[in-house]
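Data block below; observations after.
Numbers restart at 1 for each chain; the letters A, B, ... are given by sequence-line order, proteins then strands.
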2 protein chains.
Amino acid sequence: MEEKRIRRQSLYDVIRSDIVFGRLKPGEKLKATDLRARYDASVSTVREVLNRLASEGFVFAREQYGFSVAPMSESGLRELADLRILLENHALEQSIITGGTEWEAGVIAAHHRLQRMEQRRASGDQSVVEIWKRYDWEFHQSLISACGSEELMALHGTVFDKYLRYQMLYLSYRGEVAEREHRELLEAALVKDTQKARQILTRHITSGVEHALSAIRK
Amino acid sequence: MEEKRIRRQSLYDVIRSDIVFGRLKPGEKLKATDLRARYDASVSTVREVLNRLASEGFVFAREQYGFSVAPMSESGLRELADLRILLENHALEQSIITGGTEWEAGVIAAHHRLQRMEQRRASGDQSVVEIWKRYDWEFHQSLISACGSEELMALHGTVFDKYLRYQMLYLSYRGEVAEREHRELLEAALVKDTQKARQILTRHITSGVEHALSAIRK
DNA sequence: GCTGGCATAGTAATCGATTTTCCTCAAGCG
DNA sequence: CGCTTGAGGAAAATCGATTACTATGCCAGC
């Protein structure tokens, strides 16, 4: 039962992931003809994908100049972190208020998957980075999944990945600390303590930013 | 001095505006070949534009099915309104705190332009609707322009337009009331009263939603 | 020696044609 | 009679070629 994907979708996934995980460097020029060869697709298909990525902010586009990987900056990181705090805190609070048993079950399951990967990552297994980060994404998404707004969730999902790109750039790994924060976040959510949950989440993100910035300054 | 635009950009503007102002109905199928004739462009160009609009949420896309104008629903309106309140309140507060004289000047100028159009609209001139709404957009953007986050402003800009689409659908016109709220918003911002400004803005949006929903229920 | 314009090459933008996929409908079989 | 299956057509996805633009560098004139 092989999953059949159209070329555009798989191309989109590959390029997006190449950008998020740094295989395509910030500022790097994305020539349609080069990508055509590299990814084995026609210019039209490549351009469709680049247009999508451009409107999401992963790719920078200028008329008559073409496409390049979106640049990164310290202010970019701060902006995205602030935005994530704003969106995710709000969604989290709503979600805790309205979430029922099904939501709780989903959150616990997502946390379990994440935790397993965190352990493998902690034991030095570098190969699981992408899967680990996907589970990270899924855990945070599951936490806010009862917020009642698909628009909000979609927005958060994109912001999360744009923020993740910075974590990957700075090779920011906080191991045990982030692991504990996830656990605390889970607990606060399950006992419906919105204020505590907001507090932990804010710290989770803020200290992540500080950690990344201090790492790059050395 | 004729402005030279590339085809894709002008096509994007036209289709986007056609969707926002309801000339393309929600759910309407967007066949590439039809659009090709209607807007005089090739399928590739049309598809590039539709991909962009899809990732912004104005167009709905499904594999092997093609594109259609994004559907609209009451919950969609509520979600976008909530999102706009969240984003704009936050940005407004930051902007009031950091904004200096230049920011104040920009806000006053934007409000003046908006007010002039509000007057023309109030006197029954239906032809200015699009310009009027553009000035509305610009006024709100200028208010948050000192928030320090380009990401936030870009996000707000898109959300504003998606919300505007609902106002256009419901033909929601609050005339004098909205005019007064804009004036109050300007005043609160200039005297740096963040709490008052947040309060007015929240009411501005909330009552706009209520007005629209009560109109459709008759 | 410097500047301004023109030729040229490289790349982006656009195009129409071709291939692939999906849906419909009807005929054949159980 | 109902279900499966395959032919046919419509529309989406993909393609390579063509056109348009821009930047680079060379040459002529000042």
Side-chain angles (χ1 to χ4, degrees), chain A residues 1-19 23-72 154, chain B residues 1-19 23-72 154:
Chain A
M1 180 79 78
E2 182 60 30
E3 182 70 28
K4 185 103 129 306
R5 318 276 309 287
I6 63 177
R7 195 180 277 302
R8 170 165 54 90
Q9 191 59 31
S10 61
L11 183 62
Y12 171 86
D13 291 341
V14 172
I15 296 184
R16 192 181 200 272
S17 153
D18 281 353
I19 292 174
R23 288 181 291 270
L24 288 170
K25 305 293 177 206
E28 190 173 337
K29 189 78 206 294
L30 296 169
K31 293 184 204 169
T33 31
D34 288 1
L35 296 180
R36 192 189 164 295
R38 174 167 176 175
Y39 296 112
D40 187 37
S42 77
V43 282
S44 312
T45 307
V46 170
R47 285 182 58 89
E48 281 187 28
V49 168
L50 290 178
N51 266 290
R52 261 201 136 103
L53 290 168
S55 103
E56 288 180 79
F58 290 103
V59 160
F60 173 75
R62 218 184 68 200
E63 288 185 13
Q64 301 298 352
Y65 164 82
F67 302 89
S68 55
V69 180
M72 297 175 86
Chain B
M1 180 80 77
E2 180 61 29
E3 182 69 29
K4 182 103 123 314
R5 317 277 310 287
I6 64 176
R7 188 170 230 81
R8 170 165 54 89
Q9 191 58 32
S10 63
L11 183 62
Y12 171 86
D13 291 341
V14 172
I15 297 184
R16 193 181 199 273
S17 153
D18 280 353
I19 292 174
R23 287 181 292 270
L24 287 170
K25 305 294 178 203
E28 189 173 337
K29 190 75 206 297
L30 296 169
K31 293 183 204 171
T33 31
D34 288 1
L35 296 180
R36 192 189 165 296
R38 175 167 174 175
Y39 295 111
D40 186 37
S42 77
V43 281
S44 311
T45 308
V46 169
R47 283 182 59 89
E48 281 188 28
V49 168
L50 290 178
N51 266 291
R52 264 204 134 101
L53 290 168
S55 102
E56 288 181 77
F58 290 103
V59 160
F60 173 75
R62 219 184 67 199
E63 289 185 12
Q64 302 298 353
Y65 164 82
F67 302 90
S68 55
V69 180
M72 297 174 86

Handout entry: Minimal non-hydrogen separation, B:Lys29 against B:Tyr65, with atom names
Key = NZ-O, 3.0 Å

Exercise for the section: Respond yes when some side-chain nitrogen or oxygen of B:Ser42 is under 4.0 Å from OP1 or OP2 of C:dT14, and no when none is. Expected result: no

Exercise for the section: Could you tell me whether the side chain of B:Leu30 reaches within less than 4.5 Å of the side chain of B:Ile15, counting heavy atoms only? Expected result: no

Practice task
Can you tell me the distance, in whole Å, between the CZ atom of A:Arg36 and the P atom of D:dG16?
Solution key: 5 Å

Problem - Nucleotide C:dT14, atom P - distance to CZ of B:Arg7 in whole Å - result: 7 Å

Exercise for the section: Indicate whether OP1 or OP2 belonging to C:dG10 is found under 4.0 Å from a side-chain N or O atom of A:Lys29. Expected result: no

Exercise for the section: Scan side-chain atoms only and decide if A:Asp18 and A:Tyr39 contain a donor-acceptor pair under the 3.5 Å cut-off. Expected result: yes

Exercise for the section: Taking the side chain as every heavy atom from C-beta outward, state whether A:Val69 and A:Lys25 have any atom pair closer than 4.5 Å. Expected result: no

Handout entry: Within residues 51-62 of chain B: residues closer than 4.0 Å to DNA chain C (heavy atoms)
Key = none

Handout entry: Spacing of B:Arg52 atom CZ and A:Glu56 atom CD [to the nearest 0.5 Å]
Key = 11.0 Å

Practice task
Would you indicate, yes or no, if C:dA13 has its OP1 or OP2 atom less than 4.0 angstrom from a side-chain nitrogen or oxygen of A:Lys31?
Solution key: no

Exercise for the section: Would you kindly compare B:Phe67 and A:Gln64 by the position of their nearest DNA chain D nucleotide and give the one closer to the 5′ end? Expected result: B:Phe67

Practice task
Please determine, by modelled atom types, if A:Ser68 and A:Arg62 share a side-chain donor-acceptor pair under 3.5 angstrom.
Solution key: no

Practice task
Examine C:dT14: is either OP1 or OP2 under 4.0 Å from a nitrogen or oxygen in the side chain of B:Arg47? Give yes or no.
Solution key: no

Practice task
Ignoring backbone atoms, establish whether A:Thr45 has a side-chain N or O less than 4.0 Å from OP1 or OP2 of D:dC15.
Solution key: yes

